[in-house]
Trainee: 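Supplied in structure tokens, the structure appears directly below.
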Amino acid sequence: MKKTIYFILGLISMNIFSCNEDKEVGIPIEIIEDYKFPQGNASVEANARIQEIYETYDSYVLYNYTQKDALWKQAAGTGAVQKYVISMGDVQYVDAMLNYIDAIWLQFFPPEFLKKGGLPYRVFLADSIYLDRSTPQMTRLILYNYMLNGNSVAISGMNANLTTMNAETKRARKLELITAMWDYYIAEGILDIPEEFYDGTDYNTAPELPLTEKTLDTYRKRGFLPSRYYGDNYAEEWYVYPSSWKYAVTNDLKSFLYHLFSRSDEQMEIYLNNSEYKLIQNKWNVLINYYKEKYNIDIRKIGNTTYE
């Protein structure tokens, strides 16, 4: 697809002049698109889906690109060169990869939101993404499941492992990518945070430490959730040391988003069905209602979705 724009050149308006005749004000200039479709030898169906995504959202989903396109960051460390590397995937898995990113990301956001920046300008489908911190003495690669870079995101996994990925891994990848994209949306102004979330929460008076059974109940009544879980039951709290309280406002919101993104309604009953945890319930509902009403995002669909 090509787009045509017109540049208006040489228009100067001054009070002492007037012009009564029509004049040509510009020459049409063709702007060539950044990438051509189809990109390569993916299936006809996969190429058609990618074309449709571009025509609908003005975003490129790419499986044939250069390192320079995808990753520009490079850092040097003492005694070793560190660089990010992206490995392109096998084109036979493009269909599966499109299904994968829809399952763990795109399905949770309405088309109108994706059109307004919810889908970054470029989405790079990759086999793997890693930071190479190797030295002459040893090979050291740090793997990534995704990487955000400006208005682009690269997502790894386009290989045979997609066909055998279990439900728990897919669930973990969903949480990881959704959390990263949500931070991106906030940073880019595509989403915002409801101020009502903070109403009624005391961020000035630090809770009592350590969080024993007695103090933990008081902590919950003040409206605070754990930061994460190990297994189904063991909760890790973000407030462990007095110094943690400096980040109470940020950690409070993050903990609620974590639960909204990853915990089912059944798992949340311990907090939502306890009449003494009214503040937790109020903050929970504020977030659900705000994103539903303003952006048409069903944030609980993210947490309640399961995989096979």
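Keep in mind that this is a model prediction, so the values were computed, not measured. The first residue of the sequence shown is numbered 1, and numbering continues consecutively from there.
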Trainee: To the nearest 0.5 angstrom, please state how far the CD atom of Q267 sits from the CG atom of N304.
Mentor: 9.0 Å
Trainee: Determine, step by step, whether T215 and T218 satisfy the side chain to side chain donor-acceptor pair (under 3.5 Å) criterion, reporting the C-alpha distance in whole Å, the side-chain angles of both residues, the deciding distance to 0.1 Å, and the verdict.
Mentor: CA-CA 5 Å; T215 58; T218 302; over 6 Å; no
Trainee: Is it the case that the side chain of D69 and the backbone of Y65 share a donor-acceptor pair, with hydrogens and angles ignored and the cut-off at 3.5 Å?
Mentor: no
Trainee: If I compare all heavy atoms of R300 with all of L260, which pair ends up nearest, and what's the gap?
Mentor: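 Closest approach of R300 to L260: NH1-O, 2.8 Å.
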Trainee: If two hydrophobic side chains count as joined below 4.5 Å and joins carry through other members, does Y198 share a cluster with W238?
Mentor: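 Hydrophobic grouping puts Y198 with W238.
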Trainee: Between S227 (side chain only) and E236 (backbone N and O only), is there a donor and an acceptor less than 3.5 Å apart?
Mentor: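 It does hold such a pair.
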Trainee: Shortest non-hydrogen contact from V94 to A46?
Mentor: CG1-CB, 3.7 Å
Trainee: Does the side chain of L257 come within less than 4.5 Å of I299's, by heavy atoms?
Mentor: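 I299 vs L257: side chains touch.
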Trainee: Pair M138, T135 - check side-chain contact (heavy atoms from CB on, under 4.5 Å), show working.
Mentor: CA-CA 5 Å; M138 64 178 289; T135 67; 3.3 Å; yes
Trainee: Could you pull out the closest heavy-atom pair between S156 and S128, with the gap in Å?
Mentor: CB-CA, 3.8 Å
Trainee: Do Y247 and F256 sit in the same hydrophobic cluster, where Ile, Leu, Val, Met, Phe, Trp and Tyr count as joined when their side-chain heavy atoms come under 4.5 Å apart?
Mentor: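 Different clusters: Y247 never reaches F256 through Ile, Leu, Val, Met, Phe, Trp or Tyr contacts under 4.5 Å.
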Trainee: Hey, could you give me the CZ/CD distance between R263 and E269, rounded to the nearest 0.5 Å?
Mentor: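 Going from CZ on R263 over to CD on E269, the span is 12.0 Å.
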Trainee: Can you get from L272 to L253 by hopping between Ile, Leu, Val, Met, Phe, Trp and Tyr side chains that sit under 4.5 Å apart?
Mentor: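 Yes, it is one cluster - the side chains of L272 and L253 are joined through contacts under 4.5 Å.
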Trainee: What I want to find out is whether D95 reaches R49 closely enough, with some N-O distance under 4.0 Å, to be called a salt bridge.
Mentor: yes
Trainee: With a 4.0 Å cut-off on N to O distance, would you call R122 and D34 a salt bridge?
Mentor: no
Trainee: Any side-chain to backbone donor/acceptor pair from S255 onto D252? Under 3.5 Å, distance only.
Mentor: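 Looks like yes, one N/O pair under 3.5 Å.
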Trainee: Rounded to the nearest 0.5 Å, how far apart are CG of N151 and CG of L119?
Mentor: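 These two atoms lie 11.0 Å from each other.
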Trainee: Kindly indicate whether the side chain of E188, heavy atoms from C-beta on, has any atom under 4.5 Å from the side chain of Y184.
Mentor: yes
Trainee: Is there a donor-acceptor pair under 3.5 Å between the side chain of D90 and the backbone N or O of Y93?
Mentor: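 Judged by distance alone, no pair lies under 3.5 Å.
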Trainee: Could E237 and R220 be called an ion pair, given the rule that one side-chain N must be under 4.0 Å from one carboxylate O?
Mentor: yes
Trainee: Hey, would you say the Y185 and F109 ring centroids sit under 6.0 Å apart?
Mentor: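 Centroid separation for Y185 and F109: below 6.0 Å.
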Trainee: Donor-acceptor pair, T56 side chain versus E52 backbone, under 3.5 Å?
Mentor: yes
Trainee: Rounded to the nearest 0.5 Å, what separation is found between the CG atom of N285 and the CZ atom of F197?
Mentor: 12.0 Å
Trainee: For D217, what residues pass the salt bridge (charged side-chain N to carboxylate O under 4.0 Å, His left out) criterion, not counting sequence neighbours?
Mentor: K221
Trainee: In terms of hydrophobic clusters joined by side-chain contacts under 4.5 Å, are L114 and Y60 together?
Mentor: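 L114 clusters together with Y60.
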Trainee: With heavy-atom distances below 4.5 Å as the criterion, would you say the side chains of V85 and L131 are in contact?
Mentor: no
Trainee: Applying side-chain contact (heavy atoms from CB on, under 4.5 Å) to T201 and L279, what does each step give before you reach the verdict?
Mentor: CA-CA 8 Å; T201 303; L279 191 49; 3.8 Å; yes
Trainee: Got a donor-acceptor contact below 3.5 angstrom from the W245 side chain to the P207 backbone?
Mentor: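 Checked: no pair found.
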Trainee: If you define the side chain from C-beta out and look only at heavy atoms, does anything of Y57 sit under 4.5 Å from P111?
Mentor: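 When only atoms from C-beta onward are counted, P111 and Y57 do touch, with a gap below 4.5 Å.
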Trainee: Hey, is D192 close enough to K294 for a salt bridge, meaning N to O under 4.0 Å?
Mentor: yes
Trainee: What donor-acceptor contacts under 3.5 angstrom involve side-chain atoms of residues 175-183, with partners at least two apart or in another chain?
Mentor:
residue : atom : partner : partner atom : Å
E176    : OE1  : N145    : ND2          : 2.8
T179    : OG1  : L175    : O            : 2.7

Trainee: Calculate, to the nearest 0.5 Å, the distance between atoms OH and CD1 belonging to Y307 and I104 respectively.
Mentor: 7.0 Å
Trainee: Within a strict 4.5 Å, meaning less than it, do heavy atoms of the Q92 and N41 side chains meet?
Mentor: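 Side-chain contact under 4.5 Å: no.
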Trainee: I'd like to know if D298 and K292 make a salt bridge, using a cut-off of under 4.0 Å between side-chain N and carboxylate O.
Mentor: no
Trainee: Is it the case that one hydrophobic cluster holds both V240 and L211, taking links as side-chain heavy atoms less than 4.5 Å apart, direct or via other members?
Mentor: no
Trainee: Give, for atom CD of Q281 and atom CD of E276, the distance between the pair rounded to the nearest 0.5 Å.
Mentor: 10.5 Å
Trainee: Tell me the closest heavy-atom pair linking A154 and I86, and the distance in Å.
Mentor: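 Closest pair (atom of A154, atom of I86, distance): CB-CD1, 3.9 Å.
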Trainee: For a 4.5 angstrom cut-off between non-hydrogen side-chain atoms, does R222 reach D202?
Mentor: yes
Trainee: Surrounding CD1 of I270 (heavy atoms of other residues, nucleotides or ligands, distance under 6.0 Å), is the total greater than 12?
Mentor: no
Trainee: Looking only at non-hydrogen atoms, find the nearest pair between P194 and L287 and report the distance.
Mentor: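 That would be CG-CD2, 3.8 Å.
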Trainee: Is any side-chain heavy atom of W284 closer than 4.5 Å to one of H259?
Mentor: yes
Trainee: Without swapping roles, check the side chain of S59 against the backbone of P120 for a donor-acceptor pair under 3.5 Å.
Mentor: yes
Trainee: Counting N and O atoms only, with roles assigned by atom type, does the side chain of K283 sit under 3.5 Å from a partner on the main chain of G223, one being a donor and the other an acceptor?
Mentor: yes
Trainee: Would Y239 and F224 count as a close aromatic pair, with their ring centres under 6.0 Å?
Mentor: no
Trainee: Evaluate the side-chain proximity of W105 to I155: yes if any heavy-atom separation is below 4.5 Å, no if none is.
Mentor: yes
Trainee: Do the ring planes of Y84 and Y144 sit parallel (below 30°), tilted (30 to 60°) or perpendicular (above 60°)?
Mentor: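 Geometry flag for Y144 against Y84: tilted rings.
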Trainee: Look at E168 together with R171 and state whether they make a salt bridge at an N to O cut-off of under 4.0 Å.
Mentor: yes
Trainee: Evaluate the criterion side chain to side chain donor-acceptor pair (under 3.5 Å) for residue pair Y63 and D127; output intermediate values, then yes/no.
Mentor: CA-CA 10 Å; Y63 62 86; D127 174 279; over 6 Å; no
Trainee: Compute the centroid of each ring, for Y54 and then for Y35, and state whether the two points are separated by less than 6.0 Å.
Mentor: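 Centroid separation for Y54 and Y35: 6.0 Å or greater.
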Trainee: Please walk me through it: do L125 and V123 pass side-chain contact (heavy atoms from CB on, under 4.5 Å)?
Mentor: CA-CA 6 Å; L125 308 182; V123 179; 4.2 Å; yes
Trainee: Using modelled atom types only, decide if a donor and an acceptor are shared between the side chain of N149 and the backbone of S152 within a distance under 3.5 Å.
Mentor: no
Trainee: Before giving the answer on side-chain contact (heavy atoms from CB on, under 4.5 Å), spell out for K170 and N166 the whole-Å C-alpha distance, their side-chain angles and the decisive distance to 0.1 Å.
Mentor: CA-CA 6 Å; K170 194 173 291 187; N166 61 37; over 6 Å; no
Trainee: Under the 3.5 angstrom rule, does the side chain of Q39 hit a backbone N or O of N64 as a donor-acceptor pair?
Mentor: yes
Trainee: A cation-pi test, strictly: NZ or CZ of R173 under 6.0 Å from the centre of the six-membered ring of Y100 and no more than 45 degrees from its axis. Yes or no?
Mentor: no
Trainee: List the atom of Y121, the atom of D58, and the distance in Å for their closest heavy-atom pair.
Mentor: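 That closest heavy-atom pairing would be CD1-O, 3.8 Å.
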